[in-house]
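Just so we're clear, the structure is a prediction, and the values are computed from it rather than from any experiment. Quick note: numbers below take in every heavy atom, side chains included, and nothing from hydrogens, waters or symmetry partners. In each ligand, atom 1 is the first atom listed, and ligand 1 is the first ligand listed.
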Amino acid sequence: MEQQIKDLRKQVEEALQNVKDKNDLANFWQNFLSKKGSIPNLMKGLGSVAKEARPAMGKLINEFRDEVTKQYEKIQTILEEKELEERNKTEQVDITMPAKKRPSGSLHPITITKNQMVDVFAGMGFEIFEGPEIEDDDHNFTSLNVAKNHPARDMQDTFYITEDILLRTHTSPGQIRVMNSEKPPIKVLVPGRVFRSDSDATHSPQFHQMEGLVVDKGITLCDLQGMLDEFVKKIFGSEVKTRLRPSYFPFTEPSVEVDVSCFECGGKGCSLCKGTGWIEILGGGIVHHKVLENCGIDPTVYSGLAFGIGIERIAMLKYGINNIGLLYENDLRFLKQFKD
Ligand code: PHE
């Protein structure tokens with residue numbers, strides 16, 4: 001028996017020297033230390049040992065097993081440390097390296113323009129109101145003094161859903177909704193999406209407008225010009241001038257188109273202003289007395305001003321965009337230029 005242990009010890013030493021990796025170590029454990037391995041197997045031979053010598057021999061085998069187990073564990077620790085070291089080498093993190101940048105998005109030029117416009121009017125005390133994009137004939141036309149079959153309906157090519165329901169052609173129905181639910185003094189801004197069956201380089205079937213409405217005692221065209229003059233200077237620059245030209249809208253009387261002096265050529269005449277020195281930017285006027293009456297407001301006591309501004313038009317002029325389609329294509333090369 002003692003000889004057996006001696007032989008086995010020799011085998012163990014040799015085997016341990018050949019252990020190069022975890023795999024070898026696992027094999028070693030399997031061969032010598034597992035339940036069926038050579039060392040536990042020694043116990044089976046105890047039967048043939050003289051009875052008196054058995055306890056001492058059993059002790060010897062146990063000590064041998066413990067000793068080999070310790071050696072096994074030592075090598076296991078060494079191999080694990082080596083493995084960790086290798087991993088640390090290959091997976092090294094250089095904390096001084098610059099971080100990967102996440103690309104940040106930016107606001108759409110229409111949103112940027114809309115926000116700037118809202119800011120200017122908010123500074124004058126306007127509140128925001130938003131109406132529905134799907135409107136009825138009454139709010140979009142009839143209450144705004146555009147009767148059924150009135151030729152003025154031709155001014156706005158309309159998408160009808162039913163005979164009475166349509167996609168709003170302008171933000172002016174917002175005027176009716178506000179005046180129906182609020183008493184003067186009123187000072188609101190109605191930004192929103194509008195729709196017309198119209199499409200070319202400067203027109204899109206879907207675009208955005210910003211409506212302004214002020215109703216109070218003694219409101220005149222001078223208030224309109226003053227406000228819009230201030231607005232234009234804030235958006236296009238303090239040297240820009242405004243002028244009012246007579247125009248026609250069924251819901252305002254008098255009606256005006258507002259032009260700004262060309263900020264490209266300073267009024268001398270260029271391709272942007274088509275040689276006139278002036279650029280048309282919006283329509284407006286004094287709220288028609290019939291519109292006030294339609295909303296239960298007494299036109300002998302109150303008067304109002306209203307205007308409607310195309311947001312795309314302002315954005316195109318401000319940024320020198322010559323095709324409205326560019327605003328809707330979502331081409332990142334275009335959109336990236338408008339970081340605010
Ligand atoms: N709603 C008109 C349009 O879309 C603009 C406008 C608004 C004119 C308010 C007068 C007053 O053309």
Nearest protein heavy atom to atom 9 (C) of ligand 1, by residue and atom, and its distance?
Glu211 OE2, 3.3 Å
Report the member of Phe249, Tyr248, Phe307, Phe207 with the shortest heavy-atom distance to atom 8 (C) of ligand 1.
Phe249
One finds that the ligand 1 atoms under 4.0 Å from a non-hydrogen atom of Arg196 are 3 (C), 4 (O), 12 (O)
Would you call Arg177 and Glu135 a salt bridge, taking side-chain N to carboxylate O under 4.0 Å as the test?
yes
Within-cut-off N or O pair, His170 and ligand 1, under 3.5 Å
yes
Protein residue, atom and distance nearest to atom 2 (C) of ligand 1, heavy-atom basis
Phe251 CZ, 3.8 Å
Is it the case that Thr142 and Asp137 place a side-chain donor and acceptor less than 3.5 Å from each other?
yes
Ignoring hydrogens and angles, state whether a donor on the side chain of Gln3 or Asp7 is under 3.5 Å from an acceptor on the partner side chain.
yes
For the rings on Phe236 and Phe263, is their centre-to-centre separation under 6.0 Å?
yes
Interfacing atoms of ligand 1 (cut-off 4.0 Å, heavy-atom, Gln209):
3 (C), 4 (O)
Is it true that the side chains of Thr162 and Asp164 contain a donor and an acceptor less than 3.5 Å apart?
no
Kindly state whether the ring of His170 and the ring of Phe249 have centres lying under 6.0 angstrom apart.
no
Between the side chain of Arg9 and the main-chain N/O of Val68, is any donor-acceptor distance below 3.5 Å?
no
Pair Tyr328 and Phe207, ring centroids less than 6.0 Å apart
no
Does an N or O from Gln175, backbone or side chain, lie closer than 3.5 Å to an N or O of ligand 1?
no
Check ligand 1 against Gly308 and write out every atom of the ligand that is under 4.0 Å from a heavy-atom position of the residue.
6 (C), 7 (C), 9 (C)
By number and element, which atoms of ligand 1 are closer than 4.0 Å to a non-hydrogen atom of Gly284?
8 (C), 10 (C), 11 (C)
Relative to atom 11 (C) of ligand 1, which among Gly174, Ala306, Ser172, Ser255 owns the nearest non-hydrogen atom?
Ala306
Heavy-atom contacts under 4.0 Å between Arg168 and ligand 1: side chain, backbone, both, or neither?
neither
